[in-house]
Amino acid sequence: MAEEKEAAPLLKDILGPQALTVIAGAGAAASPDFDGEAFLKAASAGLDGLSIMERVRHIADALAAALPGDYPAALAIILQMVPRLTHGFQAVAVTEYVARYGLDDVERSLEALAALTPFGTAEFAIRPFLARDAAGTLARMLQWSGSGDPHVRRLASEGSRPRLPWAARIPALRTDPTLAAPILEALKADPSAYVRKSVANHLNDIAKERPDWVLARLEGWAQDDPATKWIVRHALRTLIKQGDPRALALIGAGHGAEVDLLHFSVAPGTLRLGETIAIAAQLRSTAATAQRLVVDYRIHYARAEGRTAAKVFKLKTFALEAGGTADLNIRQTIRDFSTRRHHPGAHAVELIVNGQTIGRAGFVLLE
């Protein structure tokens, strides 16, 4: 009999009983005024059925049972607790206390979030402050964009993202997703890759609703700085996958390419969930000069009742010399994710070069 594989740990278990013990110990070490027993009792109650972000909020509320009722006194203990924690998500949960109990003490709370974010991002805890006073909070976050600490600079960008994953949407950013533009301008050549990734993700969020705004903004950014060039390329990924001509031009690629497709295949032709497809293509340049190629592939996933749902994946971005050939290969395991469930049936696969489909193949997923 084949040995059964051990089940992968659930994300929510990062904030399981062991984490609660660590948080209780950190509180006790920070101050004799922290009631560790009260915290463990409140935090353990009903924990099992909660998702990871529900646990973040649940733990923050449990802290209220263990901390002094006076907010400044409680916050002083929080600031001493967080450096003693052993995982970033523990710090996220403890920092959430500021979001849930510090909205009426804005100055002290925002100062605390800047101090806490290096230990476990405060990007979620800043959201209620943005929801209550977007203009005032963004003004403070713009100040953070000039911090010497990359964690604080990243908080300025990440915390104000219009579509921050796992976070509540901010009404003001729903109305105008470009409100944090001064922050993005301040960080457009940041030396930290951690910060640059956030800026690119923030711009990509905006591009899903205001693509013309993003394109106009990035067309005005000089790309002689490698940091800015990196941000531009990654910020445009959704528009590039859509074959937007202006986005392609910003990364030095034309809309469409002068190439012949010599070969395109997907193998095997039939497979089962958990198995792997191999995608192979060969291109030959028909251009008189070198050209930059952005090569993607799109899978049209089978859905119920004969419907399909398409998703674009990156394959390769490169320069192809005049008359040159390029062999491209990639493998992808067809398996379920929480965000994507597979259905049996025919799956079409398209090869996309500089925004245009130049080849089609496919595979069949069996029951």
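Heavy atoms only: backbone and side chains are in, while hydrogens, waters and symmetry mates are out.
- No hydrogens or angles considered: a donor-acceptor pair under 3.5 Å links the side chains of Asn201 and Arg237.
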Worked check of side-chain contact (heavy atoms from CB on, under 4.5 Å) between Leu15 and Val92: CA-CA 10 Å; Leu15 292 178; Val92 167; over 6 Å; no

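- Counting only heavy atoms from C-beta outward, the side chains of Val349 and Phe264 approach each other to under 4.5 Å.
- The 12-atom threshold is exceeded at CD of Glu275, counting heavy atoms of other residues, nucleotides or ligands nearer than 6.0 Å.
- One hydrophobic cluster, built from ILVMFWY side chains closer than 4.5 Å, cannot hold both Val364 and Leu271; they sit in different ones.
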Check step by step if side-chain contact (heavy atoms from CB on, under 4.5 Å) holds for Val232 and Leu203. CA-CA 9 Å; Val232 169; Leu203 286 162; over 6 Å; no

Under the side-chain contact (heavy atoms from CB on, under 4.5 Å) criterion, do Glu96 and Leu63 qualify, and how do the steps go? CA-CA 10 Å; Glu96 182 70 10; Leu63 287 168; over 6 Å; no

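- Remark: Arg217 CZ to Arg210 CZ distance equals 10.5 Å, nearest 0.5 Å.
- With hydrogens and angles ignored, the 3.5 Å screen pairs a side-chain donor or acceptor of Asp205 with a backbone N or O of Arg163.
- Residues Leu239 and Leu248 form no side-chain contact, since every pair of their non-hydrogen atoms from C-beta on lies 4.5 Å or further apart.
- Linking Ile, Leu, Val, Met, Phe, Trp and Tyr whenever their side-chain heavy atoms come within less than 4.5 Å leaves Leu293 and Ile352 in two separate clusters.
- Aromatic ring orientation, Phe124 versus Trp166: parallel (interplanar angle below 30°, classes split at 30° and 60°).
- Here the straight-line distance linking atom CG of Leu218 with atom NZ of Lys229 works out to 14.0 Å at 0.5 Å rounding.
- Not one N or O on the side chain of His343 forms a donor-acceptor pair closer than 3.5 Å with the backbone of Thr308.
- Ring centroid separation for the pair His151 and Phe119 does not come in under the 6.0 Å cut-off.
- Taking 4.5 Å as the limit, some side-chain heavy atom of Pro162 sits within range of a side-chain heavy atom of His202.
- No more than 12 heavy atoms of other residues, nucleotides or ligands shown are found within 6.0 angstrom of CZ on Arg284.
- In Gln332, the CD atom is crowded: over 12 heavy atoms of neighbouring residues, nucleotides or ligands sit closer than 6.0 Å.
- Not a single donor-acceptor pair under 3.5 Å links the side chain of Ser31 to the backbone N or O of Gly27.
- Taking the centre of each ring, His342 and Tyr301 come in below the 6.0 Å mark.
- Summarising the geometry, atom CG belonging to Leu75 is positioned 7.5 Å from atom CZ belonging to Arg108; distances are rounded to the nearest 0.5 Å.
- Side-chain contact, Ser285 with Gln291: a donor N or O sits under 3.5 Å from an acceptor N or O.
- A distance of 7.5 Å separates OG1 in Thr117 from CD in Glu123, rounded to the nearest 0.5 Å.
- Lys188 and Asp225 are not joined by a salt bridge, as no carboxylate oxygen comes within less than 4.0 angstrom of a charged side-chain nitrogen.
- Annotation: side chain of Phe129 is in contact with side chain of Leu113 (closest heavy-atom distance under 4.5 Å).
- Other residues, nucleotides and ligands place no more than 12 heavy atoms under 6.0 Å from the NZ atom of Lys41.
- Under the 6.0 Å distance and 45° angle rule, Lys197 does not count as a cation-pi partner of Tyr194.
- Of the possible donor and acceptor atoms, one in the side chain of Arg196 sits under 3.5 Å from a partner among the backbone N and O of Asp190.
- You'll find the side chain of Leu67 reaches within 4.5 Å of the side chain of Phe34, heavy atoms only.
- Lys208 contributes atom NZ, which lies 5.0 Å from atom OG1 of Thr238 (distance to the nearest 0.5 angstrom).
- For the pair Tyr101/Ile78, no side-chain contact is recorded, criterion being any heavy-atom separation below 4.5 Å from C-beta on.
- Shown here is Arg174, whose CZ atom has no more than 12 heavy atoms of other residues, nucleotides or ligands within 6.0 Å.
- Rounding to the nearest 0.5 Å gives a distance of 8.5 Å between OH of Tyr97 and CD1 of Ile77.
- Ser145 places a side-chain N or O within 3.5 Å of a backbone atom of Leu142 that can act as its donor or acceptor partner.
- The heavy-atom pair separating Leu85 from Ala26 by the smallest distance is CD2-CB, 3.6 Å.
- Side chains of Asp260 and Thr286: a donor-acceptor N/O pair is absent below 3.5 angstrom, by distance only.
- Taking a 6.0 Å sphere around CD of Glu54, one finds it holds more than 12 heavy atoms contributed by other residues, nucleotides or ligands.
- At least one donor-acceptor pair under 3.5 Å links the side chain of Lys12 to the backbone N or O of Asp48.
- Here the side chain of Asn354 pairs a donor or acceptor atom with the backbone of Arg292 at under 3.5 angstrom.
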Tell me, with the steps shown, if His234 and Asn204 meet side-chain contact (heavy atoms from CB on, under 4.5 Å). CA-CA 8 Å; His234 288 269; Asn204 187 54; over 6 Å; no

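- In the hydrophobic clustering of this structure, Ile59 groups with Met81; members are Ile, Leu, Val, Met, Phe, Trp, Tyr whose side-chain heavy atoms approach within less than 4.5 Å, directly or through other members.
- Side-chain heavy atoms closer than 4.5 Å link hydrophobic residues (I, L, V, M, F, W, Y) into clusters, and following such links, even through other members, never connects Phe318 to Ile240.
- Between the Arg127 side chain and the Ala167 main chain, no donor and acceptor come within less than 3.5 Å of each other.
- In this structure the side chain of Val353 never reaches within 4.5 angstrom of the side chain of Leu261, judged on heavy atoms.
- Using a 4.5 Å heavy-atom cutoff, the side chains of Arg154 and Thr121 are in contact.
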